[in-house]
Amino acid sequence: MGSQCDGLRVLLRVATLDAGPDSADHEATWLLGHTERITFLGDLKRDARDLFVEAVLQVPCKFLERAPSGEAGSRCKAHGYSRATPPRGPDPAEPRRLGGERFRIVEAGNVVTRVLPPNPKPPRELPIHAGSNPCVGAPCHTADNRRGAACCRDMQVEIMCTPKQRRLEALVRSRKSPYICKVERESQFSLGAELISACSFLLDDGIHCALHGRRRPDGRAAKPDLCSEWPEAGDCMHPGCVFARELGS
């Protein structure tokens with residue numbers, strides 16, 4: 001038994017740099033924000049037009065059987081292997097909210113620390129629905145039955161893995177569901193998968209976003225733009241989504 005029983009080291013495609021070195025800033029900030037079950041390793045890497053990052057997916061194998069509570073060790077239900085030592089805990093997540101108005105975001109393919117002040121409010125703004133979040137109290141839930149902010153905890157990842165990498169593909173497909181599921185071959189170079197890993201830009205209430213209403217130094221919104229784009233009618237949405245009825249009508 002080895003480290004692959006508790007987590008899996010992979011190479012993730014972060015984004016494509018078709019429109020210049022800063023064109024992936026929003027998508028990369030979004031991906032690297034989901035640290036609940038992903039430990040990102042080292043710097044972002046460029047290869048031709050793509051941006052990649054090494055990471056450990058902190059999701060155990062579905063065949064891993066833990067020892068009863070109060071006992072150390074575990075065993076593999078598929079092959080019968082066992083170990084007496086307790087499983088290695090996941091590496092601590094690198095923080096994205098550093099306190100006050102300091103955050104870790106991506107700029108031009110690099111993870112940087114920036115002070116991101118909130119947008120100034122208009123001096124005569126009316127106090128009606130300002131800053132309201134339609135998802136507060138929504139009954140949406142992810143496949144692990146955790147309610148609230150499902151879109152901020154459920155994500156799609158692209159794992160670089162060719163058909164010749166049979167062992168890696170088998171290990172990806174054997175992760176514990178639903179934390180990694182719906183694994184499909186995207187191309188001759190990669191696998192696509194759905195991963196439950198909460199965004200670390202969520203505030204302590206688990207609903208509101210710490211980046212909402214903030215600006216980057218160059219004036220762009222700090223919050224990833226894809227977080228503000230609601231799904232089209234007919235798209236698959238989480239059960240209980242407050243927009244499902246409106247979009248489907």
Side-chain angles (χ1 to χ4, degrees), residues 12-36 38 40 43-44 46 49-53 55 93-138 140 148-158 195 197-233 235 237-238 241-243 246-247:
L12 301 177
R13 190 202 304 267
V14 178
T16 299
L17 300 168
D18 285 336
D22 62 351
S23 61
D25 288 353
H26 279 290
E27 194 167 351
T29 297
W30 171 82
L31 176 62
L32 269 65
H34 288 263
T35 59
E36 182 187 23
I38 311 178
F40 296 98
D43 298 326
L44 291 163
R46 297 179 184 84
R49 297 181 304 165
D50 294 316
L51 200 61
F52 300 91
V53 67
E94 180 181 320
R96 297 292 181 253
R97 293 187 290 142
L98 306 181
E101 297 179 350
R102 297 173 63 246
F103 298 87
R104 295 278 283 171
I105 62 173
V106 176
E107 284 185 5
N110 299 298
V111 180
V112 298
T113 300
R114 289 286 182 262
V115 174
L116 303 175
N119 292 340
K121 293 184 178 181
R124 297 178 62 82
E125 181 181 46
L126 294 176
I128 50 173
H129 303 300
S132 63
N133 185 336
C135 295
V136 173
C140 62
C151 288
C152 300
R153 294 185 289 106
D154 203 349
M155 61 188 302
Q156 300 289 328
V157 293
E158 185 178 3
L195 170 64
S197 180
C199 180
S200 57
F201 290 117
L202 286 173
L203 294 175
D204 294 340
D205 63 5
I207 300 292
H208 291 88
C209 177
L211 292 182
H212 187 75
R214 298 180 184 273
R215 292 281 175 184
R216 293 169 176 261
D218 61 7
R220 291 180 296 164
K223 187 172 182 176
D225 47 13
L226 57 87
C227 298
S228 301
E229 296 176 0
W230 301 113
E232 299 290 338
D235 284 356
M237 288 176 282
H238 296 94
C241 176
V242 295
F243 296 95
E246 179 182 346
L247 289 172

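The residues of the chain are indexed from 1 along the displayed sequence.
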**Prompt:** Closest approach of A28 and L51, non-hydrogen atoms and distance?
**Reply:** CB-CD2, 4.4 Å
**Side-chain (R214) to main-chain (L116) donor-acceptor, under 3.5 angstrom** = yes
**Asked** Between R104 and S200, do the side chains contain an N or O donor and an N or O acceptor separated by less than 3.5 Å?
**Response** no
**Inter-residue atom distance E158.CD - F52.CZ, 0.5 Å rounding** = 8.0 Å
**Request:** Enter the distance from L226:CG to H26:NE2 here, rounded to the nearest 0.5 Å.
**Result:** 9.0 Å
**Message:** To check you understand the geometry: which heavy-atom pair defines the closest contact between E27 and A15, and what is its length?
**Reply:** OE1-CB, 3.7 Å
**Prompt:** With distance as the sole test, does H238 use its side chain to make a donor-acceptor pair with the main-chain N or O of C140 at under 3.5 Å?
**Reply:** no
**Prompt:** How far apart are the closest heavy atoms of R46 and G109, and which atoms are they?
**Reply:** NH2-CA, 3.6 Å
**Asked** Taking side chain as C-beta onward, heavy atoms only, is L195 less than 4.5 Å from H34?
**Response** no
**Message:** Counting C-beta onward and ignoring hydrogens, is there a side-chain heavy-atom pair between F201 and K223 closer than 4.5 Å?
**Reply:** no
**Complete:** So CZ of R114 and OG1 of T29: to nearest 0.5 Å the spacing works out to 11.0 Å
**Asked** With a cut-off of 6.0 Å (strictly less than), are more than 12 heavy atoms of other residues, nucleotides or ligands near CG of D205?
**Response** yes
**Asked** Roughly how far, to the nearest 0.5 Å, is CD of E107 from CG of D218?
**Response** 6.5 Å
**Request:** Look only at the side chain of N110 and the backbone of V112, and say whether a donor-acceptor pair between them is shorter than 3.5 Å.
**Result:** no
**Asked** Given side chains that start at C-beta, do those of R97 and L203 come closer than 4.5 Å, heavy atoms only?
**Response** yes
**Prompt:** Do you know which two heavy atoms are closest between Q156 and W30, and how far apart they sit?
**Reply:** O-CH2, 4.0 Å
**For the student: nearest non-hydrogen atoms of D25 and A108, plus distance** = OD1-N, 2.8 Å
**Asked** Measuring from T35:OG1 to R96:CZ, what's the distance to the nearest 0.5 Å?
**Response** 6.0 Å
**Request:** Check the surroundings of atom CZ in R220: do more than 12 heavy atoms from other residues, nucleotides or ligands lie under 6.0 Å from it?
**Result:** yes
**Message:** Which residue in the set I38, D43, L44 passes side-chain contact (heavy atoms from CB on, under 4.5 Å) when paired with F40?
**Reply:** I38
**Prompt:** Between CD1 of I105 and CZ of R216, what distance do you get to the nearest 0.5 Å?
**Reply:** 4.0 Å
**Message:** Could you check whether any side-chain heavy atom of V136 comes within less than 4.5 Å of a side-chain heavy atom of H208, counting everything from C-beta outward?
**Reply:** yes
**Fill in**
On a heavy-atom basis, the closest approach of A55 and L12 is CB-CD1, 4.1 Å
